[in-house]
Number of protein chains: 2
Amino acid sequence: VSGGEFDQLRAIFARLGSAAAGLGDDCALIPVGGTTMALSIDASLEGVHFRTDWLSFEEIGWRAAGAALSDLAAAGAVPIGVLVSLGVPDAGGAAQEIMAGVGACAVHVGGKVLGGDLARSERYFVDVAVVGTAAHPVRRRGAAAGDGVWVTGALGGPARALEALRAGATPEAGMRRRWARPEPRLAAGAWLAAHGARAMIDLSDGLAADAAHLAQASGVAVEIALERVPCWPGVDPLAAAASGEEYELLVALPAGFSEAAAAELERAGGAPLTRIGRCADGTGVRLTLGGRPVPAPPGWDHFAP
Amino acid sequence: VSGGEFDQLRAIFARLGSAAAGLGDDCALIPVGGTTMALSIDASLEGVHFRTDWLSFEEIGWRAAGAALSDLAAAGAVPIGVLVSLGVPDAGGAAQEIMAGVGACAVHVGGKVLGGDLARSERYFVDVAVVGTAAHPVRRRGAAAGDGVWVTGALGGPARALEALRAGATPEAGMRRRWARPEPRLAAGAWLAAHGARAMIDLSDGLAADAAHLAQASGVAVEIALERVPCWPGVDPLAAAASGEEYELLVALPAGFSEAAAAELERAGGAPLTRIGRCADGTGVRLTLGGRPVPAPPGWDHFAP
């Protein structure tokens, strides 16, 4: 769930009352047979979330699955697999290519395609429901004042790739790949969940916007020192903080979580992990650059028309 | 999954190879933490599965959820809940009404809304992923020669309601309700699973077409005596056998399953259960009327343009 849809969805769920359960997080977390199931759904639509002239059908499938699987990562869950509904305008090979991309991404993180549906639609869509188990489920809430705030990976690549595409230019290959085939941080999410993560969220709306979501859910302020934010080469920290569709993880860890522990995550094959700030009493996100306050950038709105 | 999409989906999944798991049934059945999860996804699209001039938005939501939940019923599963992606053309109240219908149907069968996504789409769509647990999971395969073939409820109402709508007439209220607010047979499905069901399928494509699916999956012939098929008032058996979107259950039960046991299901609050035929050596569906063979009607294609 991204951008301006978030508030409308919350209103819809609020009206459901007791018909709704476990909402307001990246995943629903449901106790089942001695474990916790993590479940989420994420729709990708042509013209809203992707354009067919910028991505291959295989990439469209991979990205849709990656975005959905990233919600499992944020819950600290291990994926079982995905269920996929495809809408395609005709009976050509696009459906197979999209599904191949979905399957490749699911397998890449240890999951499978568990089911699907197919319908004729004027515009392409890929709706992906993800299913996993979480031995140590993590939510957006749970961060406390004093916790350290950390981020995986390096930010800003997707925004830069998109900027190039919008300008009619060709993005540099590595950057394009980073945008077109995002790698959801399942292994890192599960590792962090098992090593004390108090609250976690994936960066689909961008660092600044998603830090605000985590702050609100946890009832804390999140302070981020922009100069500490790991940036894609050539991207400045404020642009990195505004870049969406990153699918990196923002995590609150106890103050005692060390650089040595972070290095252990990286060695364990997970991801680079960088301390970029801390939680404090208060509300909202406080960005600073060299100690000076910086206004938060707007949230990510994909490239909705 | 309905009508002509079935074969294309099967081809797509076949190409996924080891990236796919548990496909080819109404639900994926996945062992998790000492129980079996049942999972399925079902997309409903404006112009393919529904028209906004024939149904209220609340009914559109209910029907989409009912269709998806019916897959859980066919697996003998108890629902946990649904995840729902909605596509709506504008920010009006339709999304709330659709979701209210989804929620009402989920609650009606003991489930909840576990998560959702929302996107702007030229045409409405409702994609519903369902999640449940199956203590005695039932598949389409598993029927054996000699098993009795039974069906829940009475068939033909939805086709008759649709016929009236197509002709510009107003369907009788009870029949319209049967079509607009189908009640997936969750309680009956779970009861049948616990009482020896060998194979089961829900009637989304219609009795004749879905009996063929069960026959194929089980490697048997399914013989149905049309004069035994319980029909909606005023519907003849062949029309009842062709009527889709019934969301009743077709089930193969051991030969010893008795009328007394069927009466017990009805008393237990489940559904009327009628013996309409048996499984035999061979393949395909054999319809008879008064002992004479009758050609099978075509499968159900919703009202696709």
Side-chain angles (χ1 to χ4, degrees), chain A residues 1 5 8-9 11-13 15-23 25 27-28 30 32-35 37 39-45 47-49 80-81 83-87 91 95-96 99-100 102-104 106-107 112-123 125 127 129 131 133 304, chain B residues 1 5 8-9 11-13 15-23 27-28 30 32-37 39-45 47-49 80-81 83-87 91 95-96 99-100 102-104 106-107 112-123 125 127 129 131 133 304:
Chain A
V1 181
E5 295 142 11
Q8 201 189 341
L9 253 186
I12 290 172
F13 286 137
R15 278 194 38 172
L16 279 173
S18 63
L23 303 171
D25 251 299
C27 284
I30 312 286
V32 172
T35 184
M37 301 289 303
L39 302 158
S40 186
I41 195 164
D42 201 72
S44 292
L45 277 71
V48 180
H49 303 92
I80 296 171
L83 300 122
V84 193
S85 279
L86 296 186
Q96 292 204 357
M99 196 66 93
V102 168
V107 166
K112 299 227 175 198
V113 178
L114 305 174
D117 199 1
L118 179 66
R120 189 147 33 102
S121 168
E122 278 170 56
R123 293 193 172 221
F125 73 81
D127 193 31
V131 184
T133 55
Chain B
V1 181
E5 295 142 11
Q8 201 188 342
L9 255 185
I12 289 171
F13 286 137
R15 277 195 38 173
L16 279 172
S18 63
L23 303 171
C27 285
I30 312 285
V32 172
T35 184
T36 300
M37 301 289 303
L39 302 158
S40 186
I41 194 163
D42 202 71
S44 292
L45 275 71
V48 180
H49 304 90
I80 296 172
L83 301 120
V84 193
S85 280
L86 296 186
Q96 293 203 357
M99 196 66 92
V102 169
V107 166
K112 299 226 173 200
V113 178
L114 305 174
D117 199 358
L118 179 66
R120 189 146 35 101
S121 167
E122 279 169 56
R123 293 194 171 220
F125 74 80
D127 193 32
V131 184
T133 55

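Being a predicted model, the structure only gives us computed values, none of them experimental. Note that these values count all heavy atoms, side chains included, but never hydrogens, waters or copies made by symmetry.
In terms of heavy-atom pairs under 4.5 angstrom with chain B, the leader among A/A43, A/G87, A/G34 is A/A43. Here A/A19 is the residue among A/S18, A/A19, A/S44 with the most heavy-atom pairs under 4.5 Å with chain B. Between chain B and the options A/V32, A/V102, A/L86, A/T35, the largest number of non-hydrogen pairs under 4.5 Å is found for A/V32.
Residues forming a side chain to side chain contact (heavy atoms under 4.5 Å, CB included) with A/R123 (at least two apart in sequence, or on another chain): A/E46, B/E122. Applying the side-chain hydrogen bond (donor to acceptor under 3.5 Å, both in side chains) test to A/S85 and every residue at least two apart in sequence or in another chain returns B/D127.
A 4.5 Å side-chain heavy-atom check between A/I41 and B/V84 finds every atom pair outside the cut-off. Counting only heavy atoms from C-beta outward, the side chains of B/V131 and A/M37 never approach each other to under 4.5 Å.
For B/I80, the part lying near chain A is the side chain, with the backbone staying farther off; criterion is any non-hydrogen pair under 4.5 Å. Both the backbone and the side chain of A/A95 come within contact range of chain B, with heavy atoms under 4.5 Å apart. For A/S121, the parts lying near chain B are the backbone and the side chain together; criterion is any non-hydrogen pair under 4.5 Å. Only the side chain of A/L45 has a heavy atom closer than 4.5 Å to any heavy atom of chain B.
In this structure, B/I12 and A/Q96 approach most closely via the heavy-atom pair CG1-CG, 3.5 Å. Contact record, A/L39 with B/L114: CD1-CD1, 3.7 Å, taken as the closest heavy-atom pair. Nearest approach of A/K112 to B/A20, heavy atoms of both residues: CD-O, 4.0 Å.
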